[in-house]
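Written out below as structure tokens is the structure these notes cover.
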Amino acid sequence: MKHILLIEDDSGIAAYICSNLEKSNYQLTHIDDGSVGLKTALSQKWDCVLLDRMLPMDVDGIDILKALRALGNTTPVIIVSALEKTDERIRCLKAGADDYLPKPFFIDELEARIEAVIRRSNHLNAPAVHTMRIGNLHIDLLTHTAYRGEEKIILNPREFKLLAYLIKNAGQTVTRSMVLENVWEYDFQPETNIIDVHISHLRQKIDEKGAPSLIRTVRGKGYSIHAPAP
């Protein structure tokens, strides 16, 4: 069970987050005060901290974030904020946030982002690896090459980055906004079908003839990649 610390002064939003994440087998601890929240964040090991950007009184979200990083605390932190401007997002990311989610949001996306930052944190603490595999498809992160069995697959840099991101999150749904942020580094939704086009090209290159596609479209949410059934 993953232990999540929620520092949020809005009782309605806190209840919404806690009730929904607990259904997904997360254990939530909710603190509505900045000073107490910082002490609690430092008091034990957490899998992730959900941190409201604007808190009342003398300690707000970015103060807590800076204090955690200054003290060497590397717990994944997701800023949840009503401030949507790009410069605010950049400010929080530069201060040490692992992700930034504007309010209002869908709980499915929050959960997907929690899973993603926890996986990244676990990966950073694990022995370094430079290859990833799903089924008989494997990629080398150092040489930026991809193979299906012994056959080399020619991918352009964007296709390789997209495939690596999907494999890194294998078995999990990644939303369109997550793909845009991590593969295209966009913090907005472009008025094109850019992702669909690249997913289509990638499927044509990595899928074996007559076999189900490794990449699945999750309607209304995003995409996921799965190893073929044995």
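Contact of the Asp9 side chain with the Asp52 side chain is registered, since non-hydrogen atoms from C-beta on lie closer than 4.5 Å. The closest side-chain heavy-atom distance from Asn156 to His201 is not below 4.5 Å. Inter-residue side-chain proximity for Leu55 and Ile64 is flagged as met; some heavy-atom pair is nearer than 4.5 Å. The shortest side-chain heavy-atom distance between Asp32 and Ser11 does not fall under the 4.5 Å cut-off. Using a 4.5 Å heavy-atom cutoff, the side chains of Lys168 and Arg119 are not in contact. Met132 has its side chain within reach of Leu141: a pair of non-hydrogen atoms, C-beta onward, lies under 4.5 Å apart. Inter-residue side-chain proximity for Ile134 and Leu166 is flagged as unmet; no heavy-atom pair is nearer than 4.5 Å.
Partners of Glu22 under the side-chain hydrogen bond (donor to acceptor under 3.5 Å, both in side chains) rule, at least two apart in sequence or in another chain, do not exist in this structure. Evaluation of the side-chain hydrogen bond (donor to acceptor under 3.5 Å, both in side chains) rule for Thr40 yields no partner, not counting sequence neighbours. Contacts of Tyr223 classified as ring-ring contact (aromatic ring centres under 6.0 Å, His included), with partners at least two apart in sequence or in another chain: none. Residues passing the side-chain hydrogen bond (donor to acceptor under 3.5 Å, both in side chains) test with Asp47: none are found, sequence neighbours excluded. Applying the side-chain hydrogen bond (donor to acceptor under 3.5 Å, both in side chains) criterion to Arg133, with sequence neighbours excluded, gives no partner residue. Remark: Thr143 engages Asp140, Thr145 in a side chain to side chain contact (heavy atoms under 4.5 Å, CB included) (not counting sequence neighbours). For the ring-ring contact (aromatic ring centres under 6.0 Å, His included) test, residues two or more places apart in sequence or in another chain that qualify with His198 are Trp184. Judged as a ring-ring contact (aromatic ring centres under 6.0 Å, His included), and not counting sequence neighbours, the contacts of Tyr147 are His138.
With respect to the salt-bridge test (charged N to carboxylate O, under 4.0 angstrom), the residues Asp98 and Arg69 qualify. Taking a cutoff of 4.0 Å between a charged side-chain nitrogen and a carboxylate oxygen, Lys161 and Glu185 qualify as a salt bridge. Using a 4.0 Å cut-off between charged nitrogen and carboxylate oxygen, Asp196 and Arg176 count as a salt-bridge pair.
Side-chain heavy atoms closer than 4.5 Å link hydrophobic residues (I, L, V, M, F, W, Y) into clusters, and following such links, possibly through other members, connects Leu6 to Ile107. Hydrophobic clustering (side-chain heavy atoms under 4.5 Å, transitive across Ile, Leu, Val, Met, Phe, Trp, Tyr) groups Val49 together with Val36.
For residues 5-56, no pair satisfies ring pair (Phe, Tyr, Trp, His ring centres under 6.0 Å), with sequence neighbours left out. The ring pair (Phe, Tyr, Trp, His ring centres under 6.0 Å) contacts involving residues 157-176 comprise His144-Phe160, where partners must be two or more places apart or lie in separate chains. Within the structure, every pair that satisfies the salt bridge (Lys or Arg N to Asp or Glu O under 4.0 Å) test and touches residues 150-160, not counting sequence neighbours, is listed here: Arg148-Glu151, Glu159-Lys205. The salt bridge (Lys or Arg N to Asp or Glu O under 4.0 Å) contacts involving residues 216-227 comprise Asp108-Lys221, where partners must be two or more places apart or lie in separate chains.
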**Request:** Could you walk me through whether Leu202 and Leu155 pass side-chain contact (heavy atoms from CB on, under 4.5 Å), step by step?
**Result:** CA-CA 8 Å; Leu202 195 55; Leu155 301 176; 3.8 Å; yes

**Derivation of the side-chain contact (heavy atoms from CB on, under 4.5 Å) call for Ile153 and Leu163** = CA-CA 12 Å; Ile153 303 171; Leu163 178 59; over 6 Å; no

**Request:** List the steps and the verdict of side-chain contact (heavy atoms from CB on, under 4.5 Å) for Ser121 and Thr74.
**Result:** CA-CA 8 Å; Ser121 176; Thr74 59; 5.9 Å; no

**Request:** Output, in order, the C-alpha distance, side-chain angles, deciding distance and verdict of side-chain contact (heavy atoms from CB on, under 4.5 Å) for Leu162 and Ile199.
**Result:** CA-CA 8 Å; Leu162 175 57; Ile199 289 289; 3.9 Å; yes

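In this structure, the separation between CD on Glu8 and CD1 on Ile13 is 4.5 Å, given to the nearest 0.5 Å. Summarising the geometry, atom CD1 belonging to Ile79 is positioned 11.5 Å from atom CE belonging to Met54; distances are rounded to the nearest 0.5 Å. The distance from atom CD1 of Ile4 to atom OG1 of Thr75, rounded to the nearest 0.5 Å, is 10.5 Å.
Around CZ of Phe105, the count of heavy atoms belonging to other residues, nucleotides or ligands within 6.0 Å exceeds 12. Applying the 6.0 Å contact sphere to NZ of Lys103 captures more than 12 heavy atoms from other residues, nucleotides or ligands.
Side-chain atoms of Glu88 and Ser81 include no donor-acceptor pair closer than 3.5 Å.
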